[in-house]
Amino acid sequence: MRLAGKTALISGGARGMGAVEARLFVQEGARVVIGDVLESEGRQVEAEIRATGGEAVFVLLDVTSEAAWQRAVATAVSRFGRLDILVNNAGVGGAGRLEDTTAEEWDRVMDINAKGVFLGTKAAIPAMRQAGGGSIINISSQLGLVGMGESSPQYQASKGAVRLLTKLTALQYARERIRANSVHPGPILTPMTERRRADPAVYERMVSRIPLGRYGEPDEVAYGVLYLASDESSFVTGSELVIDGGWTAQ
Ligand code: NAD
């Protein structure tokens with residue numbers, strides 16, 4: 001078991017890649033705290049994991065709230081005794097031209113995708129220090145590495161921010177054995193991409209940009225996150241794991 005004895009907190013764990021990561025982590029021996037704004041979906045993932053004999057707890061977590069993050073970390077410590085792994089996975093998408101983007105929409109996406117990662121990291125570090133170290137995995141995007149005109153200013157800026165916040169975290173906490181790495185998925189088959197995939201023209205355009213010729217499956221990202229969460233990656237910090245079907249190789 002690759003995560004035996006470890007406790008993980010996964011934001012946005014109620015569906016999509018976060019839920020797949022929660023199930024995979026439990027299979028590998030971890031106890032998991034699932035944090036999300038989607039309560040019924042989150043409780044369902046919790047129930048499914050428990051039905052298989054795994055240990056999981058759902059907490060209502062809005063990643064833009066510092067107090068909610070503190071409650072989520074406190075739950076990990078009180079229920080499972082420690083916090084070893086944080087996956088800052090919660091995020092929202094967006095498309096739109098810069099001139100048509102409102103300041104409110106910019107703030108909303110930046111708050112969830114960028115400030116949420118900062119607040120989660122800030123809340124987790126004292127508990128990881130207490131545990132003698134830890135691993136923080138921040139889910140950016142291939143669009144945190146390269147531009148795409150069809151994206152939105154707030155999505156691109158937020159995912160770029162996650163990439164460099166990860167490196168700062170890695171540098172400031174390396175001596176405390178707290179590692180931080182970013183993951184950069186390309187287009188993945190999750191609810192986030194569902195609406196745009198339903199438009200055949202958009203779908204074809206996206207697939208034509210992916211050298212492997214298809215969208216990725218959520219578990220193809222989750223296995224990368226698992227590696228970074230486990231002690232197999234004990235000498236890896238401040239790095240970028242690109243899982244994008246070749247998108248950024250071009
Ligand atoms: P998804 O929409 O299926 O899941 C995202 C989860 O985050 C949902 O459960 C949602 O409720 C939760 N969330 C949203 N706002 C929140 C908030 N304020 N507080 C707590 N939880 C909140 O999306 P996904 O595709 O699984 O995306 C997971 C991560 O991967 C996101 O950060 C996304 O930007 C990133 N990503 C996705 C793709 C893709 O193609 N799907 C590609 C690159 C990066």
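Ligands are counted one by one from 1 in listed order, and the atoms in each one are counted from 1 as well.
- Between A14 and ligand 1, no N or O atom pair is found at a separation short of 3.5 Å.
- Minimum heavy-atom separation, A222 to V20: CB-CG1, 3.9 Å.
- Around atom 41 (N) of ligand 1, the closest heavy atom drawn from T190, V87, L143 belongs to T190.
- Protein heavy atom closest to atom 20 (C) of ligand 1, with residue, atom name and distance, is L61 O, 3.0 Å.
- Of the listed options I188, L189, V162, V221, I188 places a heavy atom closest to atom 40 (O) of ligand 1.
- Regarding atom 31 (C) of ligand 1, its nearest protein heavy-atom neighbour is N89 O, 3.1 Å.
- Looking at every heavy atom in both residues, N88 comes nearest to G116 through OD1-O, 4.0 Å.
- Contact record, I49 with I34: CD1-CD1, 4.2 Å, taken as the closest heavy-atom pair.
- In terms of protein heavy-atom proximity, atom 33 (C) of ligand 1 is closest to M192 CE, 3.5 Å.
- For ligand 1, none of its N or O atoms has an N or O atom of S141 under 3.5 Å away.
- When D244, I243, D36 are checked for heavy-atom proximity to atom 8 (C) of ligand 1, D36 turns out nearest.
- Contact annotation: for S140 versus ligand 1, heavy atoms closer than 4.0 Å belong to the backbone alone.
- Around CZ of R177, the count of heavy atoms belonging to other residues, nucleotides or ligands within 6.0 Å does not exceed 12.
- Both I85 and V225 are assigned to one and the same hydrophobic cluster, defined by single-linkage of ILVMFWY side chains at heavy-atom distances under 4.5 Å.
- Ranked by closest heavy atom to atom 6 (C) of ligand 1, the top entry among G42, G12, G13 is G12.
- The closest approach between Y155 and ligand 1 falls below 4.0 Å for a heavy atom of the residue.
- Of the protein's non-hydrogen atoms, G91 O, 3.8 Å is the one closest to atom 5 (C) of ligand 1.
- Of the polar atoms of L38, none of the N or O atoms is found under 3.5 Å from an N or O of ligand 1, judged by distance alone.
- For R15, a nitrogen or oxygen atom sits less than 3.5 Å from a nitrogen or oxygen atom of ligand 1, counting backbone and side chain alike.
- No more than 12 heavy atoms of other residues, nucleotides or ligands shown are found within 6.0 angstrom of CZ on R195.
- L61 and A72 get closest at one heavy-atom pair: CD1-CB, 4.3 Å.
- Criterion: ILVMFWY side-chain heavy atoms under 4.5 Å apart, direct or through other members. Under it, I10 and L60 are part of a common hydrophobic cluster.
- Side-chain atoms of S239 and N181 form a donor-acceptor pair, as typed in the model, at a separation below 3.5 Å.
- Short contacts between ligand 1 and P187, defined as distances under 4.0 Å to a heavy atom of the residue, involve ligand atoms 40 (O).
- The closest protein non-hydrogen atom to atom 18 (N) of ligand 1 is D62 OD1, 3.1 Å.
- Cluster membership check: L165 does not share its hydrophobic cluster with Y155, using side-chain heavy-atom separations under 4.5 Å among Ile, Leu, Val, Met, Phe, Trp and Tyr.
- Under 4.0 Å is where a charged nitrogen must lie from a carboxylate oxygen, and between E66 and K122 at least one such pair does.
- Nearest residue to atom 13 (N) of ligand 1 from G93, G16, A90 is A90 (criterion: closest heavy atom).
- The shortest contact between atom 15 (N) of ligand 1 and any protein heavy atom is with I112 CG2, 3.8 Å.
- Ligand 1 has at least one atom lying under 4.0 Å from a heavy atom of K159.
- The backbone N or O of L228 lies less than 3.5 Å from a partner atom in the side chain of R179, making a donor-acceptor pair.
- Of all the atoms in ligand 1, the ones that sit under 4.0 Å from a non-hydrogen atom of T193 are 39 (C), 40 (O), 41 (N).
- Taking every heavy atom of both residues into account, T7 and A76 meet most closely at CG2-CB, 4.2 Å.
- In this structure, a donor-acceptor pair under 3.5 Å is present between the side chains of T193 and R197.
- Those atoms of ligand 1 that come under 4.0 Å of a heavy atom in P191, given as number and element, are 3 (O).
- Taking atom 42 (C) of ligand 1 as the reference point, the nearest protein heavy-atom neighbour is G186 O, 3.2 Å.
- Closest protein heavy atom to atom 26 (O) of ligand 1: M17 N, 2.9 Å.
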